[in-house]
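Here is the naming used below: chain letters follow the sequence lines, and residue numbers restart at 1 for every chain.
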Amino acid sequence: MSESLRYIQAVNAALTWALDSRTDTIYFGEDVALPGGPFGATKGLHKRFGSERIFDTPVSETGFLGMALGAAMTGLRPIAEIMYADFSFVAMDQIVNQIATIHYSSAGRWKAPLVIRMQQGYSPGACAQHSHSPEAYFAHTPGLRVALPATPDDAYQMLRTAVVSDDPVVVAEARMLYPTRGPVRTDAPVEPVGGARVVRPGTDVTVVAWSRMVSAALDAAGTLAEEGIDVEVVDLRWLNPLDFDTVAASVARTGRLVVAHEANLTGGFGAEIAARAATECFTDLRAPIARVAAPDVPMPAAPALQAVVVPEAATVADAVRRTVRA
Amino acid sequence: MGQLDDYRLMARIRRFEERLTALKDAGEIPGSIHLCNGQEAIPVGACRALRDGDHVTATYRGHGWAIARGVDLAGLFAEMMGRDSALCGGRAASPYLSDPGRWFVGENSIVGAGVPIATGAALTAQRTGSGAVSVVSIGDGAMNQGNVHEALNLAAVLDLPLVLVVENNVYSEMSRISDMVRVKQLAERAAGYGLPARVVDGNDPDAVAEAVTEAVDRAREGSGPSIVEAMTERLVGHYSGDVQHYRPAGEIAAARQREPLARIRQAADADLTARLDAIDAEVAAEIETAVTAARAVPHPDPATAEEHVYV
Ligand SMILES: Cc1ncc(C[n+]2csc(CCOP(=O)(O)OP(=O)(O)O)c2C)c(N)n1
Ligand SMILES: [Mg+2]
């Protein structure tokens with residue numbers, strides 16, 4: 001069965017599924033219960049499940065992420081919501097020093113089955129403190145799984161996967177995708193973690209993207225097809241576990257690689273993909289690897305400035321053209 | 001539990017820390033160690049209020065809490081020796097060890113970070129109706145950490161079964177707490193969270209047990225968190241290599257007259273003294289047995305260094 005849902009509705013459906021089918025789940029964050037979430041992700045959940053299962057917290061990201069960890073270690077399966085990914089930075093100790101390390105540092109004796117749900121990226125007029133794409137920080141941290149759903153269906157499937165995972169998972173959605181609509185397989189079995197996906201087959205060049213940049217890459221591929229360039233688009237979906245095999249197999253077919261993300265260029269996860277490809281796909285590559293990213297500036301708020309900072313389909317198309325002509 | 005039981009447990013902790021110091025000096029302990037000599041009455045008194053299933057969270061200065069909670073002595077030594085201990089397989093060492101088998105959520109080497117985590121253990125207890133409580137210990141300096149503030153307010157508004165024990169040894173590392181806060185007692189901060197708090201003599205296990213029992217009872221009946229500030233003194237440096245140049249002359253000598261084991265001995269008659277001597281001898285033998293057992297634990301297999309990052 002497949003339903004047509006907006007991305008944000010798919011998130012809501014996955015959370016409904018989680019609270020309904022797993023009595024050990026509990027949901028908390030700021031304005032999530034009575035108000036239904038700042039973007040409506042938790043609309044109706046409090047009415048249906050009550051304060052026992054979903055509740056509002058004080059504005060205390062460190063406090064409630066630490067609480068999520070302690071609850072996860074002692075038997076619950078918390079889902080904690082960070083309203084904007086930017087606010088995760090005030091709770092980095094709990095994420096990096098605590099949540100990510102306890103399983104390893106106890107030689108596997110404690111588990112931390114929790115989900116940190118957040119949304120990230122720019123939107124028109126949003127300032128530098130509400131526009132970060134911090135996925136590389138989390139992917140850099142051993143012990144965390146990192147999921148970036150690019151479609152309504154993945155918003156549903158990957159969040160459910162995160163909920164049943166026994167490892168801590170950061171699920172970073174893209175606010176700009178919330179209104180987008182697509183088919184969602186609401187009766188699909190829960191998928192295992194990980195797995196990149198070829199979302200458009202092509203022969204000339206591989207574009208690896210995630211989150212909002214997947215749709216930008218697909219748009220670029222449409223434009224480039226008219227110019228006779230056949231683009232293969234890989235939606236990486238999970239940065240951890242990283243499915244590099246799917247990337248390598250694609251590069252083996254196309255011989256060219258462009259990596260696209262909205263996060264800043266330097267130290268972005270694109271650098272990791274490029275480094276791996278340089279090592280593992282060396283003999284397949286016929287052109288230098290290209291990276292599409294925001295330049296190394298904090299995100300400006302004015303749309304006129306965002307227009308030259310935020311990578312879009314045209315930015316991807318330019319990079320592909322340069323790569324194919326190289 | 002009577003005075004002799006308290007003495008035995010406190011002596012076990014003291015002897016453990018002293019033996020650990022000797023092992024450190026002998027090069028058998030690779031990392032840094034933070035000892036609780038002089039503060040033993042706090043974990044011993046507090047754990048008297050607890051039962052199986054109650055969680056305890058401590059700091060890097062948490063060996064006493066682990067021992068008071070019944071964590072295996074040989075396991076503790078082996079872990080601190082960097083061996084493949086049954087506790088944490090050599091991945092945690094002295095400042096971050098834990099033991100789920102003894103409900104010991106563990107130490108934490110990030111100041112204050114254990115309080116939000118302990119709040120989570122309290123959340124589980126509340127939501128599952130287990131009747132358990134969550135006790136967390138921090139130092140005086142940790143009261144200036146944002147994580148403690150956030151967690152206390154969170155626990156307060158959720159009425160969680162949390163008991164915060166502040167071990168006020170009047171120093172955070174090398175700085176006096178009186179230079180770091182404008183309140184006389186840290187317990188005054190409790191009013192800001194709408195929580196009850198008490199200040200107790202942290203060198204008296206009975207005083208600690210009485211205050212923590214009151215807080216634990218309150219937590220168990222669903223009336224929310226409490227704070228117990230236990231006044232104490234460190235007999236040793238902040239960490240193993242601390243020469244304590246910052247402590248005024250005579251301070252440590254005076255502390256030695258007030259520390260919990262000395263107090264019991266000062267008040268003891270000849271008969272009690274003989275029994276305390278016998279306990280000391282038994283504890284020393286027990287610690288030696290644990291050291292011998294720990295030395296027999298192999299070092300972790302380097303091939304396992306990447307194991308347990310994920311479930
Ligand atoms: C976040 C953080 N900042 C600084 C340190 C370094 N540090 C370790 S212990 C300590 C002092 C803490 O003092 P207190 O809370 O009074 O505990 P005590 O050591 O006296 O038991 C400091 C600053 C740390 N481990 N973590
Ligand atoms: Mg102190």
Side-chain angles (χ1 to χ4, degrees), chain A residues 23-26 28 51-53 55-78 80 90-91 93-94 96-114 141-145 165-169 193-194 240-241, chain B residues 53 55 57 79 84-93 96-101 103 105-106 108-110 112-128 130 132 134 136 145-158 160 300 304 306-311:
Chain A
T23 54
D24 53 355
T25 55
I26 187 163
F28 47 83
S51 301
E52 273 302 297
R53 307 289 304 289
F55 58 89
D56 295 316
T57 64
V59 187
S60 301
E61 286 79 6
T62 293
F64 72 73
L65 284 192
M67 181 169 76
L69 173 58
M73 289 168 69
T74 53
L76 295 182
R77 202 166 268 272
V90 306
D93 171 57
Q94 286 296 335
V96 175
N97 278 324
Q98 313 294 338
I99 291 169
T101 64
I102 188 62
H103 185 65
Y104 183 79
S105 298
S106 64
R109 296 185 73 210
W110 291 106
K111 289 190 187 112
L114 61 91
T141 303
L144 299 177
R145 300 299 193 189
S165 163
D166 285 335
D167 292 312
V169 185
V193 293
N240 183 330
Chain B
H55 283 104
T57 307
E79 181 62 33
D84 187 13
S85 88
L87 292 182
C88 302
R91 286 160 161 80
Y96 189 29
L97 58 84
S98 60
D99 185 2
W103 309 280
V105 172
N108 210 297
S109 70
I110 300 297
V115 187
I117 298 168
T119 300
L123 179 72
T124 299
Q126 184 192 61
R127 301 290 153 145
T128 60
S130 70
S134 175
V136 54
Q145 272 286 2
N147 47 23
V148 174
H149 166 69
E150 291 190 15
L152 283 177
N153 181 61
L154 193 50
V157 294
L158 293 171
L160 295 180
T304 66
E306 294 187 26
E307 284 177 12
H308 301 304
V309 181
Y310 305 98
V311 174

If one checks every heavy atom of D93(A) against chain B at 4.5 Å, the contacting part turns out to be side chain
Find the distance between CH2 (W110(A)) and CG (L69(A)) and round it off to the nearest 0.5 Å.
9.5 Å
d(W103(B) CH2, T74(A) OG1) to nearest 0.5 Å is 13.5 Å
Which atoms of H55(B) come close to chain A, meaning under 4.5 Å heavy atom to heavy atom: side chain ones, backbone ones, both, or neither?
side chain
Under 4.5 Å from any heavy atom of chain A, what part of E79(B) do you find: side chain, backbone, both or neither?
neither
Tell me, out of G114(B), S98(B), A122(B), A132(B), who's got the most heavy-atom pairs with chain A below 4.5 Å.
S98(B)
Chain B contact via F55(A) - side chain, backbone, both or neither, heavy atoms under 4.5 Å:
side chain
Between chain A and each of G146(B), P116(B), S134(B), count heavy-atom pairs under 4.5 Å; write down the option with the most.
P116(B)
Go through T57(A), L76(A), T23(A) and name the one with the most non-hydrogen pairs under 4.5 angstrom from chain B.
L76(A)
Under 4.5 Å from any heavy atom of chain A - which part of A113(B)
both
In terms of heavy-atom contacts, F28(A) and F64(A) come closest through CE1-O, 3.3 Å
Any side-chain heavy atom of S130(B) sitting closer than 4.5 Å to one from T124(B)?
no
Run the side chain to side chain contact (heavy atoms under 4.5 Å, CB included) check on R109(A) and D99(B) step by step: do they pass?
CA-CA 8 Å; R109(A) 296 185 73 210; D99(B) 185 2; 3.0 Å; yes
Strictly by salt bridge (Lys or Arg N to Asp or Glu O under 4.0 Å), give each pair with a member in residues 55-66 of chain A just once, sequence neighbours left out.
none
With a 4.5 Å cut-off on heavy-atom pairs, point out which of D167(A), T62(A), I26(A), D166(A) contacts chain B the most.
D167(A)
If you count heavy-atom pairs under 4.5 Å between each of D24(A), I99(A), T101(A), V90(A) and chain B, which one has the most?
T101(A)
Rounded to the nearest 0.5 Å, what's the gap from CE on M67(A) to CD1 on I117(B)? Could you check?
12.5 Å
Taking every heavy-atom pair that is under 4.5 Å apart, which of C88(B), P100(B), G89(B) has the most such pairs with chain A?
P100(B)
Looking at L160(B), L97(B), N108(B), which one has more heavy-atom pairs under 4.5 Å with chain A than the rest?
N108(B)
Under 4.5 Å from any heavy atom of chain A - which part of A86(B)
backbone
Pick one of side chain, backbone, both or neither for V157(B), based on which atoms fall under 4.5 Å of a heavy atom in chain A.
side chain
List the atom of R127(B), the atom of E52(A), and the distance in Å for their closest heavy-atom pair.
NH1-O, 2.9 Å
From the list Q98(A), R53(A), K111(A), the residue making the most non-hydrogen contacts under 4.5 Å with chain B is Q98(A)
Does the side chain of Q94(A) pick up a donor-acceptor pair with the side chain of N147(B) at under 3.5 Å?
no
Report which part of I102(A) has an atom under 4.5 Å of a heavy atom belonging to chain B: side chain, backbone, both, or neither.
both
Comparing S51(A), A112(A), G63(A), A107(A) against chain B, the one with the most heavy-atom pairs below 4.5 Å turns out to be A107(A)
Given a strict heavy-atom distance threshold of 4.5 Å, which part of S165(A) is in contact with chain B: side chain, backbone, both, or neither?
neither
Which residue out of T128(B), V148(B), L158(B), L152(B) racks up the most heavy-atom pairs below 4.5 Å with chain A?
L158(B)
N240(A) meets the side chain to side chain donor-acceptor pair (under 3.5 Å) criterion, sequence neighbours left out, with R145(A), Y310(B)
Assess whether side chain to side chain contact (heavy atoms under 4.5 Å, CB included) is satisfied between V115(B) and E150(B), documenting all intermediate values.
CA-CA 9 Å; V115(B) 187; E150(B) 291 190 15; over 6 Å; no
Starting at CD1 of I110(B), measure out to CD of Q145(B) and round the result to the nearest 0.5 Å.
9.0 Å
